[in-house]
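We name chains A, B, ... by the order of the sequence lines, and we start the count at 1 in each one. All values below come from the heavy atoms of this structure, side chains included, with hydrogens, waters and symmetry mates left out.
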Number of protein chains: 2
Amino acid sequence: MRDRISKDRYEPAYAQLAAILRRRIAEGVYPPGEKIPSESAMSKEYGLSLMTVRQAIGVLMEQGLLERIQGSGTFVKPLKLTESRFDLDSLREIFHDPERTQVKVLQINLTRADPKTAEILQLPPHARVILIRRLLLRDGQPVMFHEGHIRCDPRRPVVEAELSLGPLSDLFNGQGTGTAKKGELIVLPALLGEEDAALLNRPVGSPAFRLEYTVYDFDDVPFGWGWFTAPPEVMRLKTKLGLWEER
Amino acid sequence: MRDRISKDRYEPAYAQLAAILRRRIAEGVYPPGEKIPSESAMSKEYGLSLMTVRQAIGVLMEQGLLERIQGSGTFVKPLKLTESRFDLDSLREIFHDPERTQVKVLQINLTRADPKTAEILQLPPHARVILIRRLLLRDGQPVMFHEGHIRCDPRRPVVEAELSLGPLSDLFNGQGTGTAKKGELIVLPALLGEEDAALLNRPVGSPAFRLEYTVYDFDDVPFGWGWFTAPPEVMRLKTKLGLWEER
DNA sequence: AAGTGGTCTAGACCACATG
DNA sequence: ATGTGGTCTAGACCACTTG
């Protein structure tokens with residue numbers, strides 16, 4: 001109870017309270033599964049308004065440390081491996097600095113849709129599509145392979161951005177100014193085939209991630225799909241959960 | 001401007017406003033990258049308090065649809081594949097119903113730590129550890145393989161839960177009542193080796209996920225590590241981003 | 001019935017970005 | 001200087017859970 005919120009400080013009150021609660025959880029004062037003091041109790045104890053207390057709890061909820069149960073209380077959440085979340089941070093680095101990243105276009109064609117592409121893009125068989133295959137290099141070393149299929153739509157100005165030699169930033173850092181409304185992604189384990197392995201300069205049959213995507217425009221029409229192939233060193237799916245130092 | 005918040009309704013005002021904004025984004029009224037009306041403007045327009053408007057925006061921010069930039073405005077966020085997040089929902093199903101899930105213990109030993117285990121668990125070479133190897137079955141079909149190494153600590157009552165035949169729920173649905181403070185996980189692509197393949201009843205060399213974990217107790221001492229091997233059908237890493245119907 | 005979280009208001013002042 | 005989001009208050013009433 002000796003913890004206080006200092007008013008005259010750069011750190012907002014809700015953040016201070018969140019830090020206090022976080023520390024108490026780490027010290028075992030509030031063990032996993034247990035209830036923490038009620039919002040009104042903390043409001044009085046620290047001289048904060050209810051909304052501020054709630055904001056502090058909100059912070060720790062986003063971090064997966066607390067759980068609110070209406071009418072019953074706020075509880076310390078035990079670790080659940082099934083609730084872990086992975087993101088593609090490791091790829092962000094790559095696409096965010098054009099200094100070290102180069103793109104080598106292997107192939108770019110106006111061609112006819114194969115059956116799978118026709119199905120995914122909801123096109124008649126043999127409709128026209130654009131096929132792109134490219135290699136992503138990092139400091140000159142090949143790190144990722146990409147194959148993409150784009151609907152060939154007269155209404156859309158065949159998005160130069162998507163064909164550009166640029167750092168793919170349009171696909172990964174925001175679809176141009178907004179052709180895409182939604183997308184679907186799936187990560188799969190895969191083996192490097194002969195071609196992939198040669199391109200990426202790795203042994204045939206070594207394990208890699210395959211990131212498949214489909215993107216839809218604002219009419220909910222799928223306009224592109226494809227995949228990236230990346231070895232695990234490049235695309236790390238790593239996460240922490242529970243109480244690590246700073247978040 | 002014809003949208004209104006109806007007061008007398010089961011749906012909270014902030015949710016109604018969030019739905020309105022969501023629809024406007026979907027309709028292209030607020031295109032990606034553009035600024036939406038200011039909080040005070042919406043506060044006046046809909047007759048809501050500022051806090052309520054902020055809550056609505058907060059909802060859409062969590063969904064990755066909006067981005068607040070202090071002093072500048074709130075913007076519609078373009079799709080960024082690198083910001084997609086994957087979770088282990090597919091595993092949650094498995095561990096949550098003991099009806100269909102069985103665990104078959106293949107091996108359970110008090111043994112000596114191998115070098116890797118000693119390093120990870122911060123133990124002297126050849127220290128005592130518990131080794132568990134088990135097979136997870138779903139409707140009688142093998143779906144997942146687990147190998148775990150647990151620190152053999154006299155202070156801790158060798159957590160029966162962890163050794164139990166139970167549905168592993170302690171590992172995946174909350175570490176008992178709270179032996180674990182934090183954990184680290186990494187997903188890797190892998191090939192099924194001879195043993196794994198035989199156990200899981202799959203072809204040798206087929207691709208699979210390997211989920212490696214380490215868990216720490218409240219003294220920050222690592223007390224267990226191990227991995228799960230699962231074919232992609234079992235452990236789906238799939239996600240959507242952008243504007244799908246209901247979230 | 002009492003306690004808890006969930007929603008909401010009508011103000012206030014501050015920090016930051018932009019012109 | 002103006003407008004934006006960021007924080008905060010001191011109340012209020014409602015919905016839910018529990019004894």
Check ion pair A:R23-A:D3 (N to O, under 4.0 angstrom): yes
Residues A:D89 and A:R236 bridged, charged N to O under 4.0 Å: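 No, A:D89 and A:R236 are not salt-bridged.
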Starting at [atom1] of [X] and ending at [atom2] of [N], how long is that distance when rounded to a whole Å?
X: A:Q55; N: C:dT7; atom1: CD; atom2: P; answer: 15 Å
X: A:E39; N: D:dC13; atom1: CD; atom2: P; answer: 19 Å
X: A:I36; N: C:dT4; atom1: CD1; atom2: P; answer: 12 Å
X: B:Y10; N: D:dA15; atom1: OH; atom2: C1'; answer: 17 Å
X: A:M51; N: D:dC8; atom1: CE; atom2: P; answer: 12 Å
X: A:K35; N: D:dT18; atom1: NZ; atom2: P; answer: 9 Å
X: A:K44; N: D:dA10; atom1: NZ; atom2: C1'; answer: 13 Å
X: B:L66; N: D:dG6; atom1: CG; atom2: P; answer: 12 Å

Tell me whether the side-chain N/O atoms of [X] come closer than 4.0 Å to OP1 or OP2 in [N].
X: A:Q70; N: D:dT17; answer: no
X: A:S49; N: D:dC8; answer: no
X: A:R68; N: C:dT4; answer: no
X: B:S38; N: D:dT4; answer: yes
X: B:R54; N: D:dG5; answer: no
X: A:T52; N: D:dT9; answer: yes

Touch class at under 4.0 angstrom, heavy-atom based, for A:G58 against every strand present: nothing
Touch class at under 4.0 angstrom, heavy-atom based, for A:I69 against every strand present: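 Since only primed, P, OP1 and OP2 atoms lie under 4.0 Å of A:I69, the category is sugar-phosphate.
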5'-most by nearest nucleotide on DNA chain D - A:Y14 or B:S72: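 Going by which nucleotide is closer to the 5' end, it is B:S72.
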5′-ward residue of the pair A:L50/A:G71 relative to DNA chain D: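 Counting from the 5' end, the first nearest nucleotide belongs to A:L50.
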Residue met sooner reading DNA chain C from 5', once B:V53 and A:I57 are mapped to nucleotides: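 With B:V53 and A:I57 compared, the 5'-side residue is A:I57.
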NZ or CZ of B:K181 within 45° of B:Y216 ring axis and under 6.0 Å: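 The answer is no, since B:K181 fails at least one limit relative to B:Y216.
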Atom of B:R85, atom of B:T239 and distance for their closest heavy-atom approach: O-OG1, 2.9 Å
Plane angle bin for A:Y213 and A:F228 - parallel if under 30°, tilted between 30 and 60°, otherwise perpendicular: tilted
